[in-house]
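In what follows, a single structure is set out as structure tokens and then discussed.
Here the structure is a predicted model, which is why all the values come from computation and not from measurement. Quick note: numbers below take in every heavy atom, side chains included, and nothing from hydrogens, waters or symmetry partners.
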Amino acid sequence: MIGQGVATALLSRRRQLEGLGLTAAAALLLARLDLATLAAGLGLFLWGMNHLQDAVKRLSGGTLDRWLHAATGQTARAIGVGALATALVQSSSLVTLLAMSFLGAGLVALPGAIALLFGANLGTTTGAWLIAAFGLRFDLATFAMPFLALGLLGSRLLQGSRAGIAGLLLGVGLLFLGIDFMKLGFDAWQDGLALDSLAGERFWHWPLFVVFGIIATVVMQSSHATLLIILAALASGQLPYLPALAIAIGANIGTTITAVLGALAAGFAARRLAGAHVVFNLVTACVALALLVPLAWLVDLLAAMVGLAETAWPLKLALFHTLFNVLGIVLMLPLIPRLAGALERLFPEPGRLPPAQARYLDTTALQHADTALAAIEQECRRLDRRAYHLLCAAILMPSGEVIGHPPSQAVARTPIDPEGWPAVNARYHERIKPLLAEILDFYARIDAPLTASQQARLESLHARTLRMVEAVRFGEVLQRSLLRHAAPASPLREAHDDLRLALAEGLNRLASDPEARDITTPLDEVRRHWQQELAERLREHRLDPWHASSLMNDLHQASRLMAALVGPPPPA
């Protein structure tokens, strides 16, 4: 009770502080309209980024996911595709989370995911180019209004892919309007920033600007937003050139917070990639800060060579942003294998997970259709393998004699020790049911847009998993009868051995080919044979009706088991 009272008091105090903070912020913005304009522009920009990312994910229908996945086989291709994808969606965070999802689902190796991450860092520099080249040189409010009007109307009235296009237009309109508001805010704020006195006088000032860039990016969760502030301040003369470069370096470090936060709730694979992201950005930032003046001189030289004006500070900053990210890739590219090895040692795979614990159902996989589908497919395969082993126990045959090579009649005829076989029901609750619960929970939480083929595959996996569990439940009933008649002298032992061998042959075929449709053939032959044999033995009084009815029940139970495994026939 005391602990609950303390928690309630702390929550109340937190709400009071939040209320006071909002009140103070509102008073400040009301008193300073220039600050309010800046804040409104930043908010519109971030809102537009969210709409843009959601629209791209909806329109891609998994295409972006498959494109990135296919690129990770080769390092150079992974860097190029990661850069291009980030340039298209204007979000390195989206590409980073995709790479984490691929890695967590076991779709790609760590070196390929790291290369994709390097490319995403390079691709995010295109945002600075777009803002510097177009956002600060044109009256974007003129273009924003038509985009906003079309996007708002379309998102309300349209469905499917057309609604995705409307979301794209709405995102672009909000971006344009946010940039225009930022420009207006800095134009109105003539004396708001006084950083000239710190610029370039002492070397230790530059790390302070780096820290400012880190904090700004962490708070806004967007390096693009930080770069927008830098570029707008630089264009309006409120921020000197060298401090602006240092803040851009800090923004590069701050963008790693998305990967770190995403990895906290994920598994060891996502933590490895988040670690690679932090290492790459820190190394790149340290090199860029140490070489800030030489790199600035190189930017001036390259700018003069391509005909940029000496005072084109925003474009020079964009060039610097690209240059030091390229430098980071050049430095880190040969070290990818060693970096991957170090991260695998730092974040090792658990030596032995609890039997029911899922390995691939990371929260990050839920964010994208392909990775969610791949993760649940991997776990369904694990459940299938456990079910195969449990079904072997149900028919009282070692799984090593059933799975992997054709079962023999000699194994089926060997003596059976009833005490040596675990009860299927106990093993089901220990190894199958908890994993099934995790799969079903993950399945229910998938809300990423799915294509028709993805939806069909997901429903097929769901149905197959439930059938596999149903087969295990049938096996539980069958095992009890087989154990009752396991003695060599039992009148049902011969028939049960034939039944067990037929089921083993069917399981062997299914384990080799999950799509096999002929797994019931051996059991059908056994059933026909023993239906005739039963009639003959009953006539000759070699078998009493009680045992005959038990055998018919067992044959029926075995048929239900195999029918559950093979599933319904495919639609014509």
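The ring pair (Phe, Tyr, Trp, His ring centres under 6.0 Å) test applied to Phe324 returns Phe320, His321, not counting sequence neighbours. Partners of Tyr443 according to the ring pair (Phe, Tyr, Trp, His ring centres under 6.0 Å) rule, which considers only residues two or more places apart in sequence or in another chain, are His462.
In Phe442, the CZ atom is crowded: over 12 heavy atoms of neighbouring residues, nucleotides or ligands sit closer than 6.0 Å.
Distance CG/Leu461 to CZ/Arg381: 8.5 Å, rounded to 0.5 Å. We find the CG-CD1 distance between Leu208 and Ile247 to be 10.5 Å, quoted to the nearest 0.5 Å. Here Leu440 contributes atom CG and Leu435 contributes atom CG; the two are 9.5 Å apart, rounded to the nearest 0.5 Å. In this structure, Ile114 CD1 and Thr75 OG1 are separated by 9.5 Å, a value rounded to the nearest 0.5 Å. Between the CG atom in Leu323 and the OG1 atom in Thr125 there is a gap of 10.5 Å [rounded to 0.5 Å]. To the nearest 0.5 angstrom, Ile230 atom CD1 is 7.5 Å from Phe212 atom CZ.
Residue Leu117 comes nearest to Ala276 through the heavy atom pair CD2-C, 4.0 Å, listed as atom of the first residue, atom of the second, then distance. Taking each heavy atom of Arg272 and Leu343 in turn, the nearest pair found is O-CD1, 3.2 Å. In this structure, Asn281 and Ile253 approach most closely via the heavy-atom pair O-CG1, 4.1 Å. When all heavy atoms are compared, the tightest approach of Leu317 to Tyr241 is N-CE1, 4.4 Å. Considering all non-hydrogen atoms of both residues, Ala340 and Pro111 come closest at CB-CG, 4.1 Å.
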> Taking it one step at a time, do Val210 and Ile214 satisfy side chain to side chain contact (heavy atoms under 4.5 Å, CB included)?
Replying inline: CA-CA 6 Å; Val210 172; Ile214 295 172; 4.2 Å; yes
> Yes or no on side chain to side chain contact (heavy atoms under 4.5 Å, CB included) for Val279 and Met332, after CA distance, side-chain angles and deciding distance?
Replying inline: CA-CA 10 Å; Val279 169; Met332 295 296 295; 4.1 Å; yes
> Could you go step by step and tell me if Arg382 and Glu379 meet the side chain to side chain contact (heavy atoms under 4.5 Å, CB included) rule?
Replying inline: CA-CA 5 Å; Arg382 293 183 67 222; Glu379 292 298 344; 2.9 Å; yes
Distance-only donor-acceptor pairs under 3.5 Å for side chains of residues 283-300, two or more places apart:
| residue | atom | partner | partner atom | Å |
| --- | --- | --- | --- | --- |
| Thr284 | OG1 | Phe280 | O | 2.7 |
| Asp300 | OD1 | Lys316 | NZ | 3.1 |

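Considering Leu116, Asn121, Leu333 in turn, Leu333 is the only one that fulfils the side-chain contact (heavy atoms from CB on, under 4.5 Å) rule with Ile79.
Without hydrogens or angle criteria, Thr255 side chain to Ala251 main chain gives no donor-acceptor distance under 3.5 Å.
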